[in-house]
Amino acid sequence: MVYTQEKKLKIFISADMEGISGIVHSEQVSPEGHDYNIARKWMAEDVNSAVEGALEEGAIEIVVNDSHGSMRNIIPDDLHPKAILISGTPKPLSMMQGIDSSFDACIFVGYHSKAGTGSSILDHTYSGASIHSIKVNGLEMPELGINALVAGYFNVPVIFVSGDLEVCKQAKSILGEKVVTVAVKESFGRTSAKLLPMDEARKRIKEGVKEALKNLSGIKPFKLNPPFNFEIEFLYSSQAEMAELIPYVKRTSGRGVSFTTKDFIEGFKLMRALIALAPAR
Ligand SMILES: [Zn+2]
């Protein structure tokens, strides 16, 4: 393989698991689950396909942040030898740890739709145990939207998203038509889907990343105007009770809280702290 070197691109990849080729059930994405050790290899294969695409379009540095659950899903031996792995949790920027303004583009592999999406594999927003919805400046967000705002904070555009068909639609509606999406499965419900053949899915991820990088200058970083108003609707009132103990966090309803920050990363970190604070019920 001859790689084009003249572009010298630096690429950040955030890899989640629910939207990985072949995955349809929570047993495949939790370490206790029967199929987990196979599914984590599928995850590495989808990521490696994105890495291959990036290398062929001139990437000289690729950082992959494992962004699911324990964030220790990708076995380092399984990752493409040209990519650098960020593994484990907690991390200050969580699913976006490692990004900074030195990167040229950001890629989301294996992402899933927001909580409450109909017919979509393992839909949730950050925490299936506590979050009903999260809005930023009035816009209800899937993880991809909030994480794209983190990338946008550093002036890095999100150029590619893979996952099921529904997350691809959400990516286009939030990030715009120019983001390249690859649907590796079409969901019938929360735990069933029609899968692309694995080789075909990986080929489309690689080709999709190449297409996105060819059009890199046409995709702008995703930003909203400050100040940033976060509205969090929890699943249970007890979770909002804990959240409202924090200064600047206002209770807006039985399950709802809101807060406003001037700096997006400050708001992102407060949002994550409130999710971590939420009791199981
Ligand atoms: Zn996940």
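The structure displayed is predicted, hence computed values, not measured ones. When a residue number appears, it is its place in the shown sequence, counting from 1. For ligands, and for the atoms within them, numbers begin at 1 and follow the listed sequence.
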Inset, instruction - Kindly assign one of parallel, tilted or perpendicular to the pair F259 and F230, based on the angle between their ring planes and the thresholds 30° and 60°. - result: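 F259 vs F230 ring planes: parallel.
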Inset, instruction - Quick one: sort the Y126 and F268 rings into parallel, tilted or perpendicular, breaks at 30° and 60°. - result: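 Geometry flag for F268 against Y126: perpendicular rings.
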Inset, instruction - State whether H112 contributes an N/O/S atom found under 2.8 Å from the Zn ion (ligand 1). - result: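 Within the cut-off used here (under 2.8 Å), H112 places no N, O or S atom near the Zn ion (ligand 1).
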Inset, instruction - Report yes or no: does N229 contribute a side-chain atom to a donor-acceptor pair with the main-chain N or O of T260 at less than 3.5 Å? - result: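 It does not hold such a pair.
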Inset, instruction - Determine yes or no for a side-chain-to-main-chain donor-acceptor pair under 3.5 angstrom, with E266 supplying the side chain and D263 the backbone. - result: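 No; zero donor-acceptor contacts below 3.5 Å.
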Restricting to N, O or S atoms, which atom of [X] is closest to the Zn ion (ligand 1)?
X: H68; value: ND1
X: E18; value: OE1
X: D16; value: OD1

